[in-house]
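We use all heavy atoms of the structure for the numbers below, so side chains are in, but hydrogens, waters and symmetry mates are not.
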Amino acid sequence: MAAGTETGAEEAALGYEQARDELIEVVRRLEAGGTSLEESLALWERGEELAKVCRLRLEGARARLDASLAAEAAAEDEGGDE
């Protein structure tokens, strides 16, 4: 279980671009073939982890954007009432 905790901490430290770039490399390696079944499964699992990091980072960015747009709309509504 300790390894999973370390992996989670590592994922939390990864930025979107880092995770995306590593995911691209994982996909390239899988598509190229030539790896053992065990290596392929490990790459697949890493790819799933990286995809999750990317999804969470994008969801966070979307939430911040939505909050900013809502705040801007609220400010415009307040300014329009005067």
*Asks:* Taking all heavy atoms of Leu43 and all of Leu30, pick out the closest pair and write down the distance.
*Replies:*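 Looks like CB-CD2, 3.8 Å.
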*Asks:* To check you understand the geometry: which heavy-atom pair defines the closest contact between Thr35 and Ser40, and what is its length?
*Replies:*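 Between these two residues, the closest heavy atoms are OG1-OG, 2.7 Å.
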*Asks:* Whether Glu48 and Lys52 form a salt bridge (side-chain N of Lys/Arg under 4.0 Å from carboxylate O of Asp/Glu) is what I want to check.
*Replies:*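 Result for this pair is no, no salt bridge flagged.
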*Asks:* Do Val53 and Leu23 make a side-chain contact, defined as non-hydrogen atoms from C-beta onward lying under 4.5 Å apart?
*Replies:*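 With C-beta onward as the side chain, the pair stays apart.
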*Asks:* Applying salt bridge (Lys or Arg N to Asp or Glu O under 4.0 Å), name anything that partners Arg28, two or more places apart in sequence or on another chain.
*Replies:*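 Scan of Arg28 (salt bridge (Lys or Arg N to Asp or Glu O under 4.0 Å), adjacent residues dropped) gives Glu25.
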*Asks:* To the closest 0.5 Å, what do you measure between CG (Asp66) and CZ (Arg64)?
*Replies:*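 Here the interatomic distance stands at 11.0 Å.
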*Asks:* The criterion is salt bridge (Lys or Arg N to Asp or Glu O under 4.0 Å); which residues satisfy it with Glu38, sequence neighbours excluded?
*Replies:*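 Per chain and number, Glu38 pairs via salt bridge (Lys or Arg N to Asp or Glu O under 4.0 Å) with no residue.
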*Asks:* Through direct or indirect side-chain contacts below 4.5 angstrom among Ile, Leu, Val, Met, Phe, Trp and Tyr, which residues connect to Leu56?
*Replies:*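 Via sub-4.5 Å side-chain contacts, Leu56 links to none.
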*Asks:* Does Leu69 sit in a hydrophobic cluster with other residues, and if so which ones, taking ILVMFWY side chains as linked at heavy-atom separations under 4.5 Å, directly or through other members?
*Replies:*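 Noted: Leu69 shares its cluster with Leu65.
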*Asks:* Starting at CG of Leu50, measure out to OH of Tyr16 and round the result to the nearest 0.5 Å.
*Replies:*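 Here the rounded value is 11.5 Å.
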*Asks:* With sequence neighbours left out, what residues match Arg29 under salt bridge (Lys or Arg N to Asp or Glu O under 4.0 Å)?
*Replies:*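 So Arg29 forms no salt bridge (Lys or Arg N to Asp or Glu O under 4.0 Å) with any residue.
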*Asks:* What distance separates Leu41 CG from Glu45 CD, expressed to the nearest 0.5 Å?
*Replies:*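 Between Leu41 CG and Glu45 CD, I get 6.5 Å after rounding to 0.5 Å.
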*Asks:* Show the nearest heavy-atom pair for residues Gln18 and Ala13, with the distance to one decimal.
*Replies:*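 Closest approach of Gln18 to Ala13, heavy atoms only: OE1-O, 4.0 Å.
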*Asks:* Using the test side-chain hydrogen bond (donor to acceptor under 3.5 Å, both in side chains), find all partners of Ser36 that sit at least two apart in sequence or belong to another chain.
*Replies:*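 If we apply the side-chain hydrogen bond (donor to acceptor under 3.5 Å, both in side chains) test to Ser36, skipping adjacent residues, the hits are Glu39.
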*Asks:* Check for a donor-acceptor pair, side chain of Arg57 on one end and backbone N or O of Leu14 on the other, with a separation under 3.5 Å.
*Replies:*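 Pair found, side chain donor or acceptor close to backbone of Leu14.
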